[in-house]
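Worksheet for the structure shown next.
Given the structure is predicted, the values throughout are model-derived calculations rather than measurements. Hydrogens, waters and symmetry mates play no part in the numbers below; they use all other heavy atoms, side chains included.
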Amino acid sequence: MEQLGVLSRSEASAQGRYSVELKHVSKSYGETEIYSDLHFQLLKGTFVALVGPIGSGKTTMLNMFAGLEKPTSGSILVLGQDITSMPDDALGEFRARTVGLVPQVQTLIPELTVRENVELPLHFARVDREDRQRKVDYVLEKVGIRGEAKRIVSTLSVGEKQMVSFARAMVNDPPILLLDEPTEALDPLMAEVILGLLRGDNLTLGKTIFVTTHDRRVTELARKTLRVKKKIP
């Protein structure tokens, strides 16, 4: 795989610090090498789209940023903290406070309601009950699904579940949003709503956004587009 481009020193100094930094990162699954000695910096407050063919390692990259997968070697820093050396319980709490994740494969709990699913990251972040209720109400309204709060997730359409995943990712107001093909399951109207929210959060709130995508609308919004050209054998 081609190495992703590293942001320049002038870009780095303009923002002050990184949201995510990879140092000498290698990643393999058995004999299959995904990345080798990768160096990468994601600037605080930027909006980056990662594009490339299916099977080129985009989801692996995003999962390493989130601490869901560990590199085979090297270190990953998120907001200056080395997540590769964190114990699992500390990493879970850190992730709940700092990262909002929208995975490509849904991880919602189907037996719970929309509200209960959205509230889960706040439990992990140890937010008190009153603040949890306020935050959930706010984000459900923001995403436009407050009227679905009491519905059981298993009764939702694929697109509706994706909207719930967005709400869950945003509920704790994390500084970093990681999204894996976020518009793939959405109809055009839902996609425009989400893209508008991402643009607003990036421009007005200074959130760092990293998106894997094949959607031209996403790359047009992003400040920087990175491309991986080789499919992993």
Side-chain angles (χ1 to χ4, degrees), residues 4 19-20 40 42-43 45-66 68-69 95 99-110 114 117-118 120-121 136 138-149 151 153-229 231:
L4 297 176
S19 286
V20 180
F40 177 80
L42 184 63
L43 291 173
T46 197
F47 187 154
V48 174
L50 179 63
V51 301
I54 295 172
S56 58
K58 302 187 303 297
T59 296
T60 297
M61 170 72 73
L62 185 141
N63 285 343
M64 288 196 297
F65 284 8
L68 298 176
E69 295 190 43
R95 181 166 52 234
V99 174
L101 177 66
V102 180
Q104 188 172 6
V105 178
Q106 292 291 343
T107 57
L108 301 173
I109 300 176
V114 168
N117 270 278
V118 172
L120 281 174
V136 172
Y138 173 77
V139 78
L140 291 178
E141 185 73 31
K142 181 176 181 178
V143 177
I145 57 172
R146 189 168 183 177
E148 313 300 325
R151 288 183 63 184
V153 161
S154 61
T155 69
L156 302 178
S157 69
V158 173
E160 288 171 330
K161 290 176 182 176
Q162 185 76 331
M163 299 298 279
V164 176
S165 288
F166 278 109
R168 185 179 61 178
M170 296 176 176
V171 70
N172 206 28
D173 195 24
I176 302 170
L177 290 173
L178 305 175
L179 307 101
D180 197 1
E181 299 286 355
T183 59
E184 190 173 48
L186 299 179
D187 63 36
L189 180 59
M190 287 182 169
E192 288 302 323
V193 170
I194 291 305
L195 292 177
L197 290 174
L198 292 178
R199 181 176 177 83
D201 280 4
N202 175 245
L203 292 178
T204 64
L205 301 179
K207 290 185 184 295
T208 302
I209 299 175
F210 184 85
V211 185
T212 71
T213 188
H214 291 93
D215 190 333
R216 180 176 293 181
R217 293 170 300 178
V218 179
T219 59
E220 287 174 351
L221 283 180
R223 298 187 192 181
K224 182 179 287 290
T225 299
L226 304 177
R227 300 179 186 275
V228 286
K229 297 180 180 178
K231 185 175 180 179

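- Counting only heavy atoms from C-beta outward, the side chains of Leu156 and Val114 approach each other to under 4.5 Å.
- Annotation: side chain of Leu120 is in contact with side chain of Ile109 (closest heavy-atom distance under 4.5 Å).
- The nearest pair of heavy atoms linking Thr219 to Ala49 is CG2-CB, 4.1 Å.
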Are Val118 and Val164 close enough, and set up right, to give a side-chain contact (heavy atoms from CB on, under 4.5 Å), and what steps lead you there?
CA-CA 7 Å; Val118 172; Val164 176; 3.9 Å; yes
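- Nearest heavy-atom pair across Ala185 and Val158 is CB-CG1, 3.5 Å.
- When all heavy atoms of Ser19 and Gly45 are compared, the closest pair comes out as OG-N, 4.4 Å.
- Counting heavy atoms from C-beta outward, Ser165 and Leu108 have side chains that approach closer than 4.5 Å.
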Let's go through Met170 and Leu198 carefully: what are the C-alpha distance in whole Å and the side-chain angles of both, what is the deciding distance for side-chain contact (heavy atoms from CB on, under 4.5 Å) to 0.1 Å, and is it a yes or a no?
CA-CA 10 Å; Met170 296 176 176; Leu198 292 178; 4.3 Å; yes
When you look at Gln104 and Thr212, which way does the side-chain contact (heavy atoms from CB on, under 4.5 Å) test go after all the steps?
CA-CA 9 Å; Gln104 188 172 6; Thr212 71; 5.7 Å; no
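- Residues meeting the side-chain contact (heavy atoms from CB on, under 4.5 Å) test with Asn202, sequence neighbours left out: Phe47, Ile209, Arg223.
- Side-chain N or O atoms of Thr46 include none that pairs as donor or acceptor with a backbone N or O of Val48 at under 3.5 Å.
- Residue pairs meeting the salt bridge (charged side-chain N to carboxylate O under 4.0 Å, His left out) criterion with at least one partner in residues 170-196, sequence neighbours excluded, are Asp173-Lys207, Glu192-Arg217.
- Across all their heavy atoms, Leu140 and Ala149 have their closest contact at CD1-CB, 3.8 Å.
- Under the side-chain contact (heavy atoms from CB on, under 4.5 Å) rule, Leu101 has a single partner from Thr107, Leu177, Leu178, Ile176, which is Leu178.
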Go through it in stages, so that I can follow the logic: the residues are Val218 and Leu195, the test is side-chain contact (heavy atoms from CB on, under 4.5 Å), and I'd like the CA-CA distance, side-chain angles, deciding distance and then a yes or no.
CA-CA 7 Å; Val218 179; Leu195 292 177; 3.7 Å; yes
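- Once rounded to the nearest 0.5 Å, the distance linking CG of Leu221 with CG of Asp215 reads 9.0 Å.
- Using a distance-only test at 3.5 Å, with no hydrogens or angles considered, a donor-acceptor pair links the side chain of Lys58 to the main chain of Gly52.
- Contact annotation: the side chain of Val171 approaches that of Val136 to within less than 4.5 Å [non-hydrogen atoms, C-beta and beyond].
- In this structure, the side chains of Ile194 and Gln162 stay at 4.5 Å or more apart for every pair of heavy atoms.
- Classified by interplanar angle (parallel below 30°, tilted 30° to 60°, perpendicular above 60°), the ring pair Phe40/Phe210 is perpendicular.
- The salt bridge (charged side-chain N to carboxylate O under 4.0 Å, His left out) analysis of residues 154-171, with sequence neighbours excluded, yields the pairs Arg151-Glu160.
- Here the side chains of Ile145 and Phe166 are not in contact, with every heavy-atom distance at 4.5 Å or above.
- The closest side-chain heavy-atom distance from Met61 to Leu226 is not below 4.5 Å.
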